[in-house]
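Predicted model, so just to flag it, every value in this text is computed and none were measured. Naming convention: chains lettered A, B, ... in sequence-line order (proteins, then strands); numbering from 1 in each chain. Basis for what follows: all heavy atoms, side chains included, without hydrogens, waters or symmetry-related copies.
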2 protein chains.
Amino acid sequence: MIPGAMKKHQDLLAFLRSQKMRVTPPRRLLLQFILDHSNRRLSIREIQEFMGAQLRKADRSSVYRNLETFERLGIIQSLSFPGEGRRYQYVFDRKVRHFYICRSCGKANRGDERLFRRVEAALKDIHGFAKANLSVVFYGACSKCRKNSPTA
Amino acid sequence: MIPGAMKKHQDLLAFLRSQKMRVTPPRRLLLQFILDHSNRRLSIREIQEFMGAQLRKADRSSVYRNLETFERLGIIQSLSFPGEGRRYQYVFDRKVRHFYICRSCGKANRGDERLFRRVEAALKDIHGFAKANLSVVFYGACSKCRKNSPTA
DNA sequence: GCAGTTATTGCGACTTGTTGCAATAAGTTG
DNA sequence: CAACTTATTGCAACAAGTCGCAATAACTGC
Ligand SMILES: [Mn+2]
Ligand SMILES: [Mn+2]
Ligand SMILES: [Zn+2]
Ligand SMILES: [Zn+2]
């Protein structure tokens, strides 16, 4: 377990309770795993493998249901990546929560803070709100693919 | 078949060929269906039902493979909607290609052109490009859900 | 702590989605 | 309009994901 993650884990359990959600073994475990790998986009495969390998393992269906729950609460953001299926990423207290996904080669990048702020500002100007836990996803062609095909 | 869609259908077949893709019965049919319902987000269920119901029907796997192909080429954009799974929408020559998805209630809205232009401009300023067939997706809480929960 | 309430779990049956492969047919060349 | 090349298809076996339901256990209130 990564140092500093302990505090976050406790915070998130408190957050869950504040949302009237129960703290159960499957949820603790899943949250732990997501936090310990908060810098990666996790595949359902590795999540399920971890959850199944634990002593007190959780059923497949519970894992799916909890991922859905966590996403609804803004703890994680799931996205489909071309060629590698759906992936889950921790976003709860991230300053930057936007992603570029190349439709052509499937490569994904994280954005910089400046762009994220600009997009937030535009959203606020035009629709009158700045949101907590907003995520933004751009689908397009990466610079490499743009060079190869003028259509992209 | 919707009037005016005929031309588009032909154009897209030409586009496919320009991308060195073959024009096959499953592709014609799928494209037809997507164009005839270009204003809706189609579920895989209704797509498969249509494809299967046709005289010259296409296999499930071919439908999935072609949806993937069409998405890679920027003809459609697929998105996962909370509570209703993945949906497919025609975006090829749309002026506005962004979506708001509420993580809490799953409702989705189309955006207005002004915001889309602002976001495009920000992207160009900061990353130096304006993309053809860019799609932008916002995940957050809709106004209704924001009222109900201060956390969202 | 104990009893009561009910969200969450695990299970099983089912549906949806993926993949390798051999057969097919779209496009190309002469 | 053949003959050829190879992308695409349908199929079948498999893997991933969903859903209703009865059992369980997390929280609440006393
Ligand atoms: Mn795939
Ligand atoms: Mn669902
Ligand atoms: Zn790319
Ligand atoms: Zn909502």
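- With sequence neighbours left out, the salt bridge (charged side-chain N to carboxylate O under 4.0 Å, His left out) criterion links A:Arg86 to A:Glu71.
- Taking atom CD of A:Glu46 as the reference point, atom P of D:dA16 lies 13 Å away to the nearest angstrom.
- A:Arg60 contributes no side-chain N or O that forms a donor-acceptor pair with the base of C:dG12 under 3.5 Å.
- The nucleotide whose nearest atom lies closest to any side-chain atom of A:Arg27 is, among C:dC11, C:dT8, D:dT8, C:dT8.
- For the pair A:Arg65 and B:Gln48, nearest-nucleotide mapping onto DNA chain C gives the more 5' position to A:Arg65.
- A donor atom on one side chain and an acceptor atom on the other are found under 3.5 Å apart for A:Ser61 and A:Arg65.
- The CD atom of A:Glu68 sits 12 Å away from the P atom of C:dT8 (whole-angstrom rounding).
- Between A:Arg72 atom CZ and C:dA7 atom P there is a gap of 12 Å when expressed in whole angstrom units.
- Residues satisfying the side chain to side chain donor-acceptor pair (under 3.5 Å) test with B:Arg94, not counting sequence neighbours, are none.
- Shown here are the ring-ring contact (aromatic ring centres under 6.0 Å, His included) partners of A:Phe138, two or more places apart in sequence or in another chain: A:His98, A:Tyr100.
- Taking 4.0 angstrom as the limit, B:Arg45 places a side-chain polar atom (N or O) nearer than this to OP1 or OP2 of C:dT16.
- The nearest whole Å value for the distance from the CD atom in B:Glu49 to the C1' atom in C:dT16 is 13 Å.
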5'-to-3' dot-bracket of DNA chain C (Watson-Crick, G-U; under 3.5 angstrom; crossing pairs as [ ]; | other strand): ||||||||||||||||||||||||||||||
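- When rounded to the nearest whole Å, the span between CE of B:Met51 and P of D:dT8 equals 15 Å.
- For A:Asp59, taking side-chain heavy atoms from C-beta onward, the closest of the listed nucleotides C:dC11, C:dT9, C:dT16 is C:dC11.
- Residue B:Leu29 contributes atom CG, which lies 17 Å from atom P of D:dT8 at whole-angstrom precision.
- For B:Arg87, the side chain to side chain donor-acceptor pair (under 3.5 Å) test picks out B:Glu84, with sequence neighbours left out.
- Between A:Ser62 and the phosphate of C:dG10, there is a side-chain N or O to OP1/OP2 separation shorter than 4.0 Å.
- For A:Asp59, there are no salt bridge (charged side-chain N to carboxylate O under 4.0 Å, His left out) partners two or more places apart in sequence or in a different chain.
- B:Ser80 is linked by a side chain to side chain donor-acceptor pair (under 3.5 Å) to nothing, counting only residues two or more places apart in sequence or in another chain.
- Summarising the geometry, the separation between CZ on A:Arg86 and P on C:dT16 is reported as 16 Å, rounded to the nearest angstrom.
- Checked for salt-bridge contact, A:Arg40 and A:Glu46 meet the test: a charged N lies under 4.0 Å from a carboxylate O.
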Between the protein and nucleotides 26-30 of chain C, list every N/O to N/O distance that falls short of 3.5 Å.
from	atom 1	to	atom 2	distance (Å)
C:dA26	N3	B:Arg22	NH1	3.0
C:dG27	OP1	B:Arg17	NH1	3.2
C:dG27	OP1	B:Val23	N	2.7
C:dG27	OP2	B:Arg17	NH1	3.4

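- Between B:Leu16 atom CG and D:dA7 atom P the separation is 15 Å, expressed in whole Å.
- Qualifying side chain to side chain donor-acceptor pair (under 3.5 Å) partners for B:Tyr139, counting only residues two or more places apart in sequence or in other chains: none.
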